[in-house]
Amino acid sequence: MTSQICIIIAIIAYLGMMIYIGITYSKQNTQAAEFYLGGRKLGPLVTAMSAEASDMSSYLLMGLPGLAYIAGLAEVGWTAIGLAIGTYLNWLFVSKRIRRYSSRIGSFTIPEFFAKRYGDDRHFLTCIAAVIIVVFFVPYTASGFAACGKLFSTLFGMNYIIAMLLSAAVIVIYCTLGGFLAVSTTDLIQGITMSIALLIVVGFGAVVTGGFSGVTDAVSSLPGYLSLVQSYSAKTGTSAPYTPLMIASTLAWGLGYFGMPHILLRFMAIEDENKLKLSRRIATVWVVISMSIAVLIGVVGYGLSQAGVIPVLEGSNSETVIIQIASVLSSHGVIPALIAGVILAGILAATMSTADSQLLAAASSISQNLVQDFGRKKLDTKTSLLIARITVIAISLIAVFIAQDPDSSIFGIVSFAWAGFGAAFGPVVLLALFWKRSNKQGALAGMIVGGVMVFAWKYGVAKLGGAFAIYELLPAFVIALLVNVAVSLMTKAPDENLVRIFDEVNAK
């Protein structure tokens with residue numbers, strides 16, 4: 001009972017701090033541009049940690065450890081490598097250019113950037129991009145709410161729905177009050193909390209199992225578990241080759257970064273583009289270290305199960321491995337219980353830091369891009385902010401409805417949404433920034449084809465099996481890129497003004 005009280009105290013203190021930040025920054029949001037992009041005032045540390053904390057959703061502390069626990073190193077290892085490479089390349093090639101370009105054309109949302117970059121006065125690009133953001137962000141946000149529900153129901157035996165609703169309410173409160181600056185500041189704190197949680201869990205788990213040698217001994221007898229070229233099956237207890245095609249498919253996770261709206265917004269929001277180099281270094285180092293530890297937690301967790309310290313976890317329950325370890329830690333006294341509370345707050349941080357960013361991006365897509373840009377409804381500042389906040393609440397309610405199923409896989413939901421954004425937006429962003437011949441017809445065609453192909457491949461082509469059973473992001477991204485280029489070449493070239501702006505931005 002004492003341990004649960006200590007955990008509750010730590011979590012309540014953490015959640016209270018998030019709401020306080022939201023209230024503090026609510027006074028600074030006097031116009032929509034500040035609510036959505038913080039007036040482009042972010043410093044390099046906040047930019048780096050906010051981008052990566054909003055990226056590393058609940059799959060960092062639940063999805064990746066759960067996959068490593070149940071399937072060994074191959075799939076989760078190549079996924080982490082792909083994400084690390086994608087993180088670095090996105091910061092290296094995209095961050096400075098999209099900051100400069102978006103500032104030059106005066107855009108503060110991704111759909112608006114597409115429309116102004118291509119001179120789409122009728123806002124068809126804005127409309128399609130906004131719809132895609134809502135389609136893929138709502139289930140993505142739902143996965144975050146589901147993670148919070150799993151956390152509290154596993155720990156305290158709470159009703160899953162009640163636990164999920166309470167968590168969603170806190171996220172909505174500070175997001176609707178504080179907007180982008182509150183979200184970015186809380187993301188920095190959440191990134192630090194996640195890091196502390198990861199280090200404590202892996203250290204405690206290793207100590208309980210007799211050091212890392214004890215962990216290795218526990219899993220070394222499992223065929224293919226510690227291999228990057230063999231995959232382990234928990235159901236059959238056997239291994240199978242992890243082929244080069246499977247490796248390429250898994251590495252394709254890195255392609256998703258080029259199309260993530262909530263990450264691209266951080267690039268657009270930094271106060272000085274010359275500080276992005278420092279942000280890139282901070283972000284890359286943090287991502288590599290945090291994902292490595294997250295994968296190691298899954299392996300340590302399996303060793304703990306073999307030692308009888310935590311129960312054997314099956315299916316989607318493997319994603320609660322870090323919760324199980326924290327629960328054991330909390331039974332060792334008051335101080336360990338408070339530390340366990342910090343760990344569990346880290347899980348909340350991983351979830352909230354992504355859910356809040358997704359809510360904000362989806363809200364801006366509806367209130368700014370669909371209502372005002374595409375619908376041509378000119379609103380005053382007060383009305384615009386009100387609609388933005390109402391939109392956040394409405395999207396949250398839909399996400400809560402989707403998150404009702406406690407057995408859904410967090411990793412599975414995230415991987416599909418990740419593919420959707422990567423394929424629909426990634427090629428458009430890259431061509432918009434690096435190819436002056438790209439036009440709005442090509443961008444529109446590529447965006448639609450990328451989004452549709454994610455659904456078509458996952459639910460149709462992949463079921464053929466064999467070489468077709470690969471991560472849908474890879475084929476969808478390639479096809480969308482080719483369609484964008486082909487349609488651009490077959491249609492009229494961009495007008496001289498658009499080309500002149502492109503040359504100005506790239507001449508710096």
**Request:** Decide side chain to side chain contact (heavy atoms under 4.5 Å, CB included) for Phe502 and Arg117; before the verdict, give the C-alpha distance in whole Å, the side-chain angles of both, and the deciding distance to 0.1 Å.
**Result:** CA-CA 8 Å; Phe502 180 92; Arg117 159 64 179 88; 3.6 Å; yes
**Message:** What verdict does the side chain to side chain contact (heavy atoms under 4.5 Å, CB included) test give for Ile110 and Met268, after you've listed the backbone C-alpha separation in whole Å, the side-chain angles of each residue and the deciding distance to 0.1 Å?
**Reply:** CA-CA 9 Å; Ile110 297 302; Met268 294 163 60; 3.6 Å; yes
**Item:** side chain to side chain contact (heavy atoms under 4.5 Å, CB included) between Tyr302 and Leu313, worked out
**Value:** CA-CA 9 Å; Tyr302 194 92; Leu313 306 173; over 6 Å; no
**Request:** Please step through side chain to side chain donor-acceptor pair (under 3.5 Å) for the pair Ser107 and Tyr101, ending with a clear verdict.
**Result:** CA-CA 9 Å; Ser107 57; Tyr101 219 136; over 6 Å; no
**Request:** May I have the step-by-step check of side chain to side chain contact (heavy atoms under 4.5 Å, CB included) for Leu433 and Phe113, ending in yes or no?
**Result:** CA-CA 11 Å; Leu433 297 176; Phe113 170 74; 3.8 Å; yes
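The aromatic ring centroids of Phe124 and Phe114 lie 6.0 Å or more from each other. The aromatic ring centres of Trp418 and Phe136 sit 6.0 Å or more apart.
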What side-chain donor-acceptor pairs closer than 3.5 Å can you find for residues 476-488, not counting sequence neighbours?
{"unit_1": "Asn484", "atom_1": "OD1", "unit_2": "Ser488", "atom_2": "OG", "d": "3.4"}
{"unit_1": "Ser488", "atom_1": "OG", "unit_2": "Asn439", "atom_2": "N", "d": "3.3"}
{"unit_1": "Ser488", "atom_1": "OG", "unit_2": "Asn439", "atom_2": "OD1", "d": "3.3"}
{"unit_1": "Ser488", "atom_1": "OG", "unit_2": "Asn484", "atom_2": "O", "d": "2.8"}

Sequence neighbours left out, cut at 3.5 Å: what donor-acceptor pairs do the side chains of residues 240-249 make with other protein atoms?
{"unit_1": "Tyr242", "atom_1": "OH", "unit_2": "Thr250", "atom_2": "OG1", "d": "2.6"}
{"unit_1": "Thr243", "atom_1": "OG1", "unit_2": "Met246", "atom_2": "N", "d": "3.2"}
{"unit_1": "Ser249", "atom_1": "OG", "unit_2": "Tyr471", "atom_2": "N", "d": "2.6"}

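Checked by atom type and distance alone, the side chain of Trp78 never pairs as donor or acceptor with a backbone atom of Val229 at under 3.5 Å. Between the Tyr225 side chain and the Gln230 main chain, no donor and acceptor come within less than 3.5 Å of each other. Although no hydrogens or angles enter the test, the distance criterion places a donor-acceptor pair under 3.5 Å between the side chain of Ser290 and the main chain of Val287. For the pair Arg100 (side chain) and Val505 (backbone), a donor-acceptor distance under 3.5 Å is present. Judged by distance alone, the side chain of Lys116 and the main-chain N or O of Gly106 form a donor-acceptor pair under 3.5 Å. In terms of modelled atom types and a separation under 3.5 Å, the side chain of Asn90 and the main chain of Gly86 share no donor-acceptor contact.
Contact between Leu473 and Ala419 at its shortest, heavy atoms only, is CD1-O, 3.6 Å. Closest approach of Ile470 and Pro475 over heavy atoms only: CD1-CD, 3.8 Å. Considering all non-hydrogen atoms of both residues, Val288 and Ala84 come closest at CG2-CB, 4.1 Å. Contact detail for Ile70 and Tyr232: the closest heavy-atom pair is O-CD2, 3.8 Å. Between Thr126 and Asp120, the shortest heavy-atom contact is N-OD2, 4.2 Å. Between Pro494 and Ser438, the shortest heavy-atom contact is CG-O, 3.3 Å.
The side-chain hydrogen bond (donor to acceptor under 3.5 Å, both in side chains) check on Asn497 picks up Arg500, with sequence neighbours excluded.
Side-chain contact between Phe258 and Leu89 is present, with heavy atoms from C-beta onward closer than 4.5 Å. Side-chain contact check for Tyr257 versus Leu83: some heavy-atom pair is nearer than 4.5 Å. By the 4.5 Å heavy-atom criterion applied to side chains, Val428 and Tyr118 are counted as neighbours. Side-chain contact between Ile81 and Met291 is absent, with no heavy atoms from C-beta onward closer than 4.5 Å.
Distance check: Ile98 CD1 to Leu264 CG gives 4.5 Å after rounding to the nearest 0.5 Å. The distance from atom CZ of Arg99 to atom CG of Asn274, rounded to the nearest 0.5 Å, is 10.0 Å. Taking NZ from Lys440 and CG from Leu125, the interatomic distance works out to 8.0 Å, rounded to the nearest 0.5 Å. We find the OG-CG distance between Ser233 and Leu222 to be 11.0 Å, quoted to the nearest 0.5 Å. Remark: Leu64 CG to Ile293 CD1 distance equals 12.5 Å, nearest 0.5 Å. A distance of 13.0 Å separates CG of Leu67 from OH of Tyr69, quoted to the nearest 0.5 Å.
With Leu276 as the fixed residue, the side chain to side chain contact (heavy atoms under 4.5 Å, CB included) test singles out one of Arg97, Arg281, Lys96: Lys96.
Atom CZ of Phe434 has more than 12 heavy atoms from other residues, nucleotides or ligands within 6.0 Å.
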